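Bear in mind that the values here come from a model prediction, so they are computed numbers and not experimental data. Below, chain A is the first sequence line, B the second, and so on; all start at residue 1. Note that these values count all heavy atoms, side chains included, but never hydrogens, waters or copies made by symmetry.
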Amino acid sequence: MEAVLHTEKHEHNEAHGHSESFIRKYIFSTDHKMIAKQFMFTAIIFLFIGGAFALFIRWQLAYPGEPIPVIGQMLPSTWVNDAGAVTAEWYTQLLTMHGSIMIFAVIIPLLVGTFGNFAIPLMIGADDMAFPFLNMVSFWLFPVAGILMMGGFFMEGGMAAAGWTAYPPLSAIASMGQTLWIVALFLIGFSSILGGVNYVTTILNMRAPGMKMFDLPMTVWAVFITAIIITIGTPVLASALAMLFMDNFLHTSFFQPENLIVPTRDMSRTAGGGQPLLWQHLFWFYSHPAVYIMILPGMGVVSDILATFSRKPLYGYKAMVFAIIAIAFLGIVVWGHHMFQSGMNPLLGTTFMVSTMVIAVPSAIKTFNWLGTMWRGQMQFTTPMLNAVAFVSMFVVGGLSGIFMASTPVDVFIHDTYFIVGHIHYVLFGGSLFAVFAGLHYWFPKMTGRMYDERIGKWHFWITFVTFNGTFFPMHILGVGGMMRRIFDPTVYDFLKPFQPMNEFITINAMILGFAQFLLVYNLVYSWFKGRKAKRNPWRANTLEWQAPSPPPHGNFDRALHVYHGPYEYSSPLTVQDYLPQTTSPEEIEEQRRHHEQRLQQKNEQDTHA
Amino acid sequence: MSTLATTHTQTNTGIYHGKLGMWVFLASEIMFFTGFFGAFIVLRNLNIEVFTASAHQLDKVVATINTAVLITSSLTMALSHLALERGNEAKFRLFLTITIICAFGFLGIKTYEYASKFSHDIYPWTNNFFATYFTMTGFHALHVIGGLIPMIWMLGKSMVKGYPQSMHHRVETLGLYWHFVDLVWIFLFPTLYLIF
Amino acid sequence: MLDWLPENVSVFGEGVDHLFSLIYYISVVIFFLVNAIYIAFIIRYRRKRKGDKAYHYHGNNLLEISWTALPFALFLFLAFYSDGIWEDIRYSEKTPNPDLVVEVMGQTYLWHFRYPGSDGIFGRRDRKFITTTNPFGVDPDDPNGRDDFTTINNMNIPVNKTVLVRLSSMDVIHSFFLPNMRVKQDAVPGQWVDVWFNSRKTGEFEIACAELCGSGHYLMRGVMTVQAQQNFDTWIDEQYSNVLASLAPPATSNE
Amino acid sequence: MASGVSFEQIQKSYLKVFIALMVLTALTVAVTTIHFGDFMNIVVGVLIAIGKSALVIWIFMHLKFDNPRLRYFVFVPALFFVVFVFALTVLGL
């Protein structure tokens, strides 16, 4: 509340951007571009932490009980046994933290935090967010929460170990690490809501003169709809977390029936009468839309990049916008498809199956429109384009494997198997992370004023693309074979033993995939300082951010903007060049053409003279 | 510096940022309480006897007084904004003071209610009714406190430096929030105290 | 990919597998179609000469409508087709009359199975009686419960008979997973959920837990033995006589 | 505030709403002494609460005078509230 009041003051102050102290500029900055960079750096650090966790998990699955090479002996004794192999306790913590970190501290901050913050004001021609102070608060809640989440490491019982879904009673009877996890998630939720409020207000209120809603680039549309989902969905998770916190910390029993037999915890105070499924409903009411929070901005970024590098208008712009809106709306009413086998009323199973099947339609529309965008284009395969192209292809796989889950009888078999793990990684890694890579390279010149290294970018892309498929595609097969998710040692089961070579194959790919990400970091860091200087509009793109200097100063634009066109007027027959910035007025177009014709005439005359 | 500074005073929707942002935030707050109400309904249907018996242990008279106090504070909040908009700062201060007193009154009565529950050995973990009761009213009370802080800040500023008429938008934004707090109580009151 | 499915031995599993393969083939066709077009575009429409303009085209409404309607029809068809099978296996009014009812209770990290004994009637149970020694919370005063017997991680069922499993859990959520029967159902504490199946084949099959239930999740393995009716009856009698034998010295059974 | 509405009119409507809210509060308490049956008690209580909140939103929160598009911020969450509660209770968890 107070924050809202403060921010209005800041807006007035910051119009005169005088030199600021180091702390105001780099740490407690209210500049949306700096906040975007802060989100990016923090999230990339978490990306490596979460990725390292994943590699430990993979090692254990491929070589159960064998010591971790090189560093096994160095890890603390609460994590590994004497030989240096992962223990079952640490394994469950690893998988919980891998999921939580990757979702809440990597993908959402990268897509929503970084791209939302960086792109929105620049793409709508505003000088900053509507509430810059709120924006800063929203960022600072995030690293605090991230550290808190991992703070369980210092506690007895270790980090949270109930899976990222934290189903009670398991999470309600767990140790201190779980309590910290709940608090951390609550903070992250609050941070998301503040961000969401800010984005919605900014997009509705601060568009440059002449810019209608249907002149917004897809990135902005996608983040706008995402922000709406965030504001609608996240608070429900927050309330569920509050109740889980009460159960966990104060021994209430929202989610716990009477007389649970738990040797590790004093249950005498817990009255009972709760309903474990209630958590699942509340949780998925947020967390299913959260999947769309994690993919919609990616879709927006990819739409922009595909259009730019195909030099073509985005195919079916309005259909794309309505598809996003449809996904958002339907996304909130399909949460029950995570619960077909949970013991909920089978009638609800039918209801949610139908709504889930319907939600596949807008995703199909988007895919076809992307194809349409490339049709008869003039494609240039730069690093952002390669990543965007990969996004579409991987998203198709993720979408198709989703149909298996929508169908209730099939879902009952593949639920909680590696099929789900494969599916979610095709959507969140193949989808979201490829979109992140695409966006990072695409906006790198604008963000830093320098070009990234195209050669390293392409190497990074190809290695990632190949090993990504090598890692996650076989997981579908494991799932079809029935291998349970979150299992510590698959060799316990006879029917899973034949899959061990496949597990090894996955792990080898995952290792390469993990280490290939250092290429990305190297490219970003090196180019940031040593890269070639970037021009104002290196991609010859239409949207407004390319009208600002690279990098944009505090306050963003150095001239007044007026928007005349939609964002995707590439290769228009009206213009000489193959792009038409949104700010170019009809008079300017006319003048350019006259100029061009004159030049042609002169050239013709010269030719005839010669 | 920025040539777009004008967009601040002229927004695309014609609604100033504070109000629009507050409405978005309130929409999200509605969903926050949706979670609790959903849980309340589910748990009530599961343990109807426990809920009925426990609800009768609550003090309806005190709750009714508290409702009246909160509604009064809502009125004075609206009036204080109106006064500032008309440029009458003295009246603005008066009504804001009444609002603050009412808010403290509400919290005081709430504290009394909690204390009398604790003295009867009733705690959140006693049963699910009291778990929801304490959680919902507790979060509501936190929202009251969240509203009190900027109110006191405004009042203090008005007394020390004066609060210009041009700031009436902030009072309106705060008012929106405050009415929402009132609104949540309007639903909590029958749900917890009356319908059983 | 479908060859990797565990062998199906249940009756309704066939329908599930048909549906699985149907969706699988649809996906494969769509995947290759989309990607073929995609790769063709990538090759055909790459920029060959600098300065060439692309085709300026904003989209076609007829095309948009058709590629909305076609997937819609397809997915609706899949939804209805799936729902037929779903209703058959899960709706309580379509559950066939069971030949055998087994109660299953999950406990961190094992499965308890309870059989009604020779009289075919379960003793009354209530959550409040549950202890580590009485996992099902059987009422000690109910005479029907005397001959009930329980096994741990070992389930026996007759072949070609409809078995109804009544599931719950003592502590956290587990998931009763029979890969070969295409059965998976969460065991939720405080709630009993019925799930049925019918095995066409004798043999030993594995039972797994599919829901994270703690660090020993992976150890929660049971074995289901499917045998001919007469063998099953002998097994029951054996277990039953064991129970009687244990009941015989009435010394310290009451705690 | 929207043009065409004088401050006096607004002040008057505030006071009217305040009185209405107080009366409705008294009414909803009074009604609990009458027993309509379990279900009807809930319906009556909730209906009065909806009436009261509508007054607050409409007048105190200025929705009557403001840009009509702001009304979505009430309708959309209300819709999802209904969906959520409907799925959980009417269809039966």
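Scanning all heavy atoms of the two residues, the minimum distance from G21(B) to T201(A) falls at CA-OG1, 3.3 Å. Between N12(B) and R207(A) the shortest heavy-atom distance is OD1-N, 2.6 Å. For A131(B) against M246(A), the heavy-atom pair with the smallest separation is O-CE, 4.3 Å. Closest of all the heavy-atom pairs between S239(A) and F32(B) is CB-O, 3.3 Å. Listed here is the closest heavy atom pair of H251(A) and W125(B): O-CB, 3.4 Å. Contact detail for T132(B) and F254(A): the closest heavy-atom pair is CG2-CE2, 3.3 Å.
The distance from the CE atom of M206(A) to the CG atom of L20(B) is 11.5 Å, given to the nearest 0.5 Å. In this structure, H17(B) NE2 and M129(A) CE are separated by 11.5 Å, a value rounded to the nearest 0.5 Å. Taken from OG1 in T231(A) to CD1 in I30(B), the straight-line distance is 10.5 Å, to the nearest 0.5 Å.
For a residue to count as touching a neighbouring chain, one of its non-hydrogen atoms must lie under 4.5 Å from one of that chain's; by this rule L282(A) touches chain B with the side chain only. Heavy-atom distances place the side chain of F285(A), and not its backbone, under 4.5 Å from chain B. Contact annotation for A240(A): neither backbone nor side-chain heavy atoms come within less than 4.5 Å of a heavy atom of chain B. Using a 4.5 Å cut-off between heavy atoms, F139(B) touches chain A through its side chain atoms alone.
For the pair I193(A)/F25(B), a side-chain contact is recorded, criterion being any heavy-atom separation below 4.5 Å from C-beta on. Taking the side chain as every heavy atom from C-beta outward, N128(B) and S253(A) approach each other to under 4.5 Å. For the pair L43(B)/L278(A), a side-chain contact is recorded, criterion being any heavy-atom separation below 4.5 Å from C-beta on.
Proximity of a side-chain donor or acceptor of N205(A) to a complementary backbone N or O of T11(B) within less than 3.5 Å is not detected. The main-chain N or O of A271(A) is never found under 3.5 Å from a side-chain atom of N127(B) such that the two would form a donor-acceptor pair.
Within a 6.0 Å sphere centred on CZ of F214(A), other residues, nucleotides and ligands contribute more than 12 heavy atoms. Atom CZ of F190(A) is surrounded by 12 or fewer heavy atoms from other residues, nucleotides or ligands within 6.0 Å. Within a 6.0 Å sphere centred on NE2 of H120(B), other residues, nucleotides and ligands contribute 12 heavy atoms or fewer.
Options G38(B), S28(B), A27(B) differ in how many heavy-atom pairs under 4.5 Å they form with chain A, and the most are formed by S28(B). Of the residues considered (F33(B), F36(B), F134(B)), F36(B) shows the highest number of contacts with chain A, using heavy-atom pairs under 4.5 Å.
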